[in-house]
*Asks:* 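Here it is: the structure, laid out below.
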Amino acid sequence: MKNKIKTIAGILALMTFAALFAGCNNARNPADTTLPETTAEETAPLPESEPFRISSGGKSVVTVIRPDEADEEIINLAVKVRKKLEDKTGLKIDMGSDFMIPGKPHNADTYEILIGKTNYDETAAVTAGMRFNDYAVSIEGHKIVITGISDATVSKAVTWFCTTGLNKLAKDENGDYSLSFDTYRYDAGYKVESLEIAGTPITDFRFVYGKSSGRVSQAAAEDIASVLAQATGYLLNVVSDKEAPTGHEILIGETNRLSDMKSDKSGYMVYLNEGNLVLDAQGPLSAEKAIRALYSEKLAAGGKLNIGTDLNISGKWLSDSAEPLASDADIRVMSYNILTEKWGGTDTSPRAERLGAMLDAYSPDIVGIQEVCSIWVKYIPIYCGDYAHVCLVRPDGGENYSTVLYKKDKYELVDSGVIPYSMSANVYCRNMGWAVLRDKATGKNVAIISTHWDFNDGEINRDNYRKVQAEELSAQVKKLQDKYNCPVFTTGDYNTIQSSGSMNYFRSINNMWCWKFDSLKMLNNYGSASNLGTLPGQGGNVIDYVFGTKDTTPLQSFVVVNFDTANISDHQPVITDVKFN
């Protein structure tokens, strides 16, 4: 019996470029990465194979094998194959991994079903020449190989085996089972028939991320490699820059391979440097934009492609046009709850890149930020290098979550501290992080307090907590103003809307102006909180505030509302431009 390769005609209609490269949900999970495929290729028949034995003497002789370091999805697929086979035969099927003792090769004579990218020679033979969306199920001697390049394609191969391949299960006169089927191979043709970079095949390249820079993690780099694989079919290896250079690499962001980067915080560049393809970007978000731009400008046409040494692509990923500082303003103050990953936020790294670009665009002088967990503390210095970050730890050693950023080139730190509230304080929040700063040019001081009040928890009204917090915050404002004879700003997520009793009480005792009520000019009327990835509506309630003492005047205020900050947090930044009286 001759095995024949099944070919797939007319698979998948071409996706539009706009849908194809629309962006990503986070640095770890790119969205809209289904890429255009052509019809499958005709291939020659495979050699004839013998029936695969499942049992002998009424007992199973087969083992399901998965990679020793398989991820959860592949492990589950291996379990699925074993269970399906057990259900079909009534036998107890063993399961193992491809772990191999050094110097002792796998036994070619044992009957095994290989799931995914195992280290067996039989798997390598089936995957040879396979591209990203291809998969196959093949009997190779005493092995059944169920494989593909990605978890998704391995899953499709497993589905074919369980629904079609096992239909060929045969039972002999002794009650033993065997299996024989034609090799099934899905060849997802690609518009990109072949790809070279300056004459070197793309398969000779690998992705390299900066191990020490911290800007792009291994997981983010693997996601970027996946984007290229979806577009071209070539899934390249990903390594850190601790590996020795090969001369044919795709460099992601800051690595030890280049002496300097050319892109700014809201842009990216793609070019060749000494045989390497450079995704010159500040982080995973802009690097993904760079690889998508490379596809759209150089690869989308398809065919046999060679990227020349004259490659030069650049662009911007931050779409928002920032509101300039008000004329006559002396300082721009921002309040922003940036959403901790520990309380439901997505992966911090790409959000931190957005934060750094947003700060660069709007250029606040001082910022009170909330939900600044230890993960944010790691990434803020990486992406917000123009700002110093203070008030990081509570007196009891816990994380503050309400901290202060200030421009390093404009201010020097005079004093700072963290004060827990007497009610509801915990090792993470419900406290005041404060800083006194001296303007290097004028010698004058300014103080800022970042805070995060209690919220109503279901039917529990926390007005009594917020009343105590309002009193203690007002007392700290007066203490700083009296001691340092300077303007004081309070910023924070107050967890209460502008018309609430808690907010009215705070306004009645603090002798301060509020951005929402007292600014001479309101540039918009948006709410300040929504779900991550969405924008608040016009006329919505606000729970984030900037207050200032009466020795200053709020010239203009606004909520930063655009689709870039929508993907940083479930809050929006609140900005006030202020003049000193």
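Below, each value reflects all heavy atoms present in this structure, side chains not excepted, and no hydrogens, waters or symmetry copies.
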*Asks:* Could you list the donor-acceptor pairs under 3.5 angstrom formed by side chains in residues 372-384, with sequence neighbours left out?
*Replies:*
residue: Ser374; atom: OG; partner: Lys342; partner atom: NZ; Å: 3.1
residue: Ser374; atom: OG; partner: Glu399; partner atom: OE2; Å: 3.4
residue: Trp376; atom: NE1; partner: Leu339; partner atom: O; Å: 3.0
residue: Tyr383; atom: OH; partner: Arg215; partner atom: O; Å: 2.3
residue: Tyr383; atom: OH; partner: Ser349; partner atom: OG; Å: 3.4

*Asks:* Can you list every pair that meets side chain to side chain donor-acceptor pair (under 3.5 Å) and has a residue in residues 242-251, with sequence neighbours left out?
*Replies:*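 Residue pairs passing side chain to side chain donor-acceptor pair (under 3.5 Å), neighbours aside: Arg206-Glu249, Ser212-Lys242, Glu249-Arg257.
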*Asks:* Once the angle between the rings of Phe161 and Phe181 is folded into 0 to 90°, is it parallel (under 30°), tilted (30 to 60°) or perpendicular (over 60°)?
*Replies:*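 The arrangement is perpendicular - the two ring planes meet at more than 60°.
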*Asks:* When rounded to the nearest 0.5 angstrom, what is the spacing between CD1 in Ile369 and CG in Asn337?
*Replies:*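 It comes to 9.5 Å.
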*Asks:* Would you kindly say whether Ser97 and Asp68 are connected by a side-chain donor-acceptor distance under 3.5 Å?
*Replies:*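 Side chains of Ser97 and Asp68: pair found under 3.5 Å.
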*Asks:* With sequence neighbours left out, write down each residue that passes ring pair (Phe, Tyr, Trp, His ring centres under 6.0 Å) with Tyr234, or none if nothing qualifies.
*Replies:*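 Residues passing ring pair (Phe, Tyr, Trp, His ring centres under 6.0 Å) with Tyr234: none at all.
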*Asks:* If you measure from CD1 on Ile113 to OG1 on Thr118, what distance do you get to the nearest 0.5 Å?
*Replies:*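 With rounding to 0.5 Å, CD1 (Ile113) is 12.5 Å from OG1 (Thr118).
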*Asks:* Using the side chain to side chain donor-acceptor pair (under 3.5 Å) rule, collect all pairs that involve residues 298-314, keeping only residues at least two apart or in two chains.
*Replies:*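 Every candidate side chain to side chain donor-acceptor pair (under 3.5 Å) pair involving residues 298-314 fails, so no pair, neighbours aside, qualifies.
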*Asks:* May I ask you to check whether Tyr120 and Glu140 show a side-chain donor-acceptor distance below 3.5 Å?
*Replies:*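 No.
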*Asks:* Between CG of Leu279 and OG1 of Thr255, what distance do you get to the nearest 0.5 Å?
*Replies:*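 The CG atom of Leu279 sits 10.5 Å away from the OG1 atom of Thr255.
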*Asks:* Are Asn107 and His142 close enough that a side-chain donor and a side-chain acceptor fall under 3.5 Å?
*Replies:*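 Distance-only check fails for Asn107 and His142.
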*Asks:* When the ring planes of Tyr401 and Tyr428 are compared, do they come out parallel, tilted or perpendicular, using 30° and 60° as the limits?
*Replies:*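 Tyr401 and Tyr428: tilted rings.
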*Asks:* Working to the nearest 0.5 angstrom, can you tell me the gap between Asp564 CG and Arg354 CZ?
*Replies:*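 Rounded to the nearest 0.5 Å, the CG-CZ separation comes out at 5.5 Å.
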*Asks:* Tell me every residue that passes ring pair (Phe, Tyr, Trp, His ring centres under 6.0 Å) with Tyr209, counting only those two or more places apart in sequence or in another chain.
*Replies:*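 Listed in chain order: nothing, the list is empty.
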*Asks:* Can you tell me how far OG of Ser217 sits from NZ of Lys211, rounded to the nearest 0.5 angstrom?
*Replies:*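 Result: 10.0 Å between the selected atoms.
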*Asks:* Quick one: which residue pairs count as a side chain to side chain donor-acceptor pair (under 3.5 Å) with a foot in residues 163-172, not counting sequence neighbours?
*Replies:*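 For residues 163-172, and leaving out neighbouring residues, there are no side chain to side chain donor-acceptor pair (under 3.5 Å) pairs at all.
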*Asks:* Under 4.0 Å between a Lys/Arg side-chain N and an Asp/Glu carboxylate O for Asp347 and Arg351?
*Replies:*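 Result for this pair is no, no salt bridge flagged.
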